[in-house]
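Beneath this line is the structure, given in structure tokens, with notes to follow.
Order of the sequence lines fixes the chain letters, A, B, ..., with proteins taken first and strands second; residue numbering starts at 1 for each chain.
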Number of protein chains: 2
Amino acid sequence: MEDHQEGRCENCIIRQLNSLKALSKEELKLISDTKVTKSIKKGDVIFEEGEKLNGVFCVRNGVSKLSKMSDNGKDQIVKIATKGEVLGQRSVIAEEKTNLSAVALNDMEVCYISKNHLTDNISNNVAFTKAILVQMAEDLKFADDVIVNMAQKSVKQRIAETLRYLEKNFKTDEEGYIAMTLSREDIANVVGAAKEACIRTLTSFKKEGWIITDGKRIKIEDDKALYRLIEGF
Amino acid sequence: MEDHQEGRCENCIIRQLNSLKALSKEELKLISDTKVTKSIKKGDVIFEEGEKLNGVFCVRNGVSKLSKMSDNGKDQIVKIATKGEVLGQRSVIAEEKTNLSAVALNDMEVCYISKNHLTDNISNNVAFTKAILVQMAEDLKFADDVIVNMAQKSVKQRIAETLRYLEKNFKTDEEGYIAMTLSREDIANVVGAAKEACIRTLTSFKKEGWIITDGKRIKIEDDKALYRLIEGF
DNA sequence: CGAAAACTTGACGTTGGTCAACGTATGTGG
DNA sequence: CCACATACGTTGACCAACGTCAAGTTTTCG
């Protein structure tokens, strides 16, 4: 007995959050028998751009950044993935090398599920395939929004948007600070700006009383003000 | 007999280009019986952002731009779709209102395929679903690249990249001009810049001898120079 | 405790957005 | 077929936003 009960896919609550919920108890058992649970330390690389993935990583705990290196040598963070998200899905489906790197933002627990066992299920279970399809359709819509924001909005607006996004999606600690350890440089890499521009914007937000900072921690004080900024006034 | 032979899906060569190729002759016949072929004039709207789509549009001929309105009132062109591409796929799959508008860039011929007949096939035919999945995985990868370009590259670099993209994907006329009627404003909306910035960049490219313009037509003269610019030198 | 990493601020130059004026196609109705 | 209207293209002047370099401070971590 290598895994205790909550280590089995069929009992893992995470699957409620992603396409694995479309699998039957029996199919989950098959997957669980071959999956490997890994602990990943903050800062560790889960996989790197250009790597050939032979499986996907189901995030059970923690947060990771998915980024891509630009020709000019700068990292662009394309997505922040958390509990319930499946990393590497896209490249396994397209049977291509991955186009993104994944790095842990804090200590993580992920389950590695080998490609073979997935493709077996893909070719048999329509509900599963369709669940993935719907999720990718959502991802695609989200990507469209990001493209528009990058193309049309100012750095200030993009940072405001990112802060609101982080607060909504990663909740806050007891004191109301965003529970997310993104460095200032990481935030800059999310919005596609220079680290200094990002810092300056944050200090200006602070001056306006829109946010409060404590070290690297950030708390949103005036959400409406940020929203007005994003909308253009 | 409302349609002549080449009007039938099962005989349409376009299907070789998209996920319809995963359907059997019988399934195609079913679809063909219900599809409607439409002629669309240059500038006409195929569908508009926020509309509820009850089917998809298979492009048989011509080119269309897919764009999204930003909060600041500017249009962002997210994709240029041509022969063989299926419009509206994403929102039909996610069962959401469409997040993009589609406008014809020249006269087009598209086949409208009702949602019901597609979902019937989605729930039955795994190969078909998987074909769509693979295609959406490709779209997603492409979107990631666009995000990185928008975030990290200059307007000059993005315009150079767009010109090269257009030349590669839409071929050229007898004289070597890009066979694509994008206005200067359209190009600006692709790269997310002001119309004037776009024009100035194009005239600077012309001065450098990298491109030749004749009215609104554009021909690439020095592809390597554009490539060097994109790479950062 | 000390080194390395992250953060902060200032100065300065460039890029690119905005407004405004004007030239040039495109097309429509008289 | 012309006159006019309407879109599209082009250029200049000006200024705000942003990137870069450089120097100094604080935090983190072994």
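- More than 12 heavy atoms of other residues, nucleotides or ligands lie within 6.0 Å of NZ in A:K216, so this atom counts as buried by the packing criterion.
- Between the P atom of C:dG16 and the CD atom of B:Q152 lies a distance of 14 Å, rounded to the nearest Å.
- Residue-level contact check: A:K153 touches neither bases nor backbone, having no heavy atom under 4.0 Å from any strand.
- Geometric assessment of A:K38 against the ring of A:Y112 yields a positive cation-pi assignment under the 6.0 Å and 45° thresholds.
- Distance CD1 (A:I187) to P (D:dC18): 16 Å, rounded to an integer number of Å.
- In the displayed structure, B:K97 atom NZ is contacted under 6.0 Å by at most 12 heavy atoms of other residues, nucleotides or ligands.
- Side-chain polar atoms of B:T201 and B:K156 form no donor-acceptor pair below 3.5 angstrom.
- Looking at A:R90 and A:E96, a side-chain N of the basic residue comes within less than 4.0 Å of a carboxylate O on the acidic one, giving a salt bridge.
- With respect to B:E175 and B:R217, a salt bridge is recorded, a charged nitrogen being found less than 4.0 Å from a carboxylate O.
- Projected onto DNA chain D by closest heavy-atom contact, A:K42 and A:K74 fall at different nucleotides, the more 5' of which corresponds to A:K74.
- Taking the charged nitrogens against the carboxylate oxygens, B:K68 and B:D75 have no contact shorter than 4.0 Å, which rules out a salt bridge.
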What nitrogen or oxygen pairs link the protein and nucleotides 3-10 of chain C at under 3.5 Å?
from: C:dC7; atom 1: OP1; to: A:R184; atom 2: N; distance (Å): 3.4
from: C:dC7; atom 1: OP2; to: A:R184; atom 2: N; distance (Å): 3.2
from: C:dT8; atom 1: OP2; to: A:R184; atom 2: NH1; distance (Å): 3.2
from: C:dG10; atom 1: N7; to: A:R200; atom 2: NH1; distance (Å): 2.9
from: C:dG10; atom 1: O6; to: A:R200; atom 2: NH2; distance (Å): 3.3

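- Ion pairing between B:D71 and A:K153 holds under the 4.0 Å rule for side-chain N and carboxylate O.
- Here C:dG17 presents its P atom at 13 Å from CD of A:Q157, a figure rounded to the nearest Å.
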What pairs of nitrogen or oxygen atoms, one from the protein and one from nucleotides 14-16 of chain D, lie under 3.5 Å apart?
none

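- Classification of the A:Y165-A:F142 ring pair by plane angle, with boundaries at 30° and 60°, yields tilted.
- In this structure, the side chains of B:T213 and B:L202 stay at 4.5 Å or more apart for every pair of heavy atoms.
- Taking atom CD1 of B:I159 as the reference point, atom P of C:dT15 lies 13 Å away to the nearest angstrom.
- Rotation axes derived from the C1' atoms of the five outermost pairs at either end of the helix from C:dC1-D:dG30 to C:dG30-D:dC1 lie 50° apart, to the nearest 10°.
- Using a cut-off of 4.0 Å between Lys/Arg side-chain N and Asp/Glu carboxylate O, B:K219 and B:D214 are scored as not salt-bridged.
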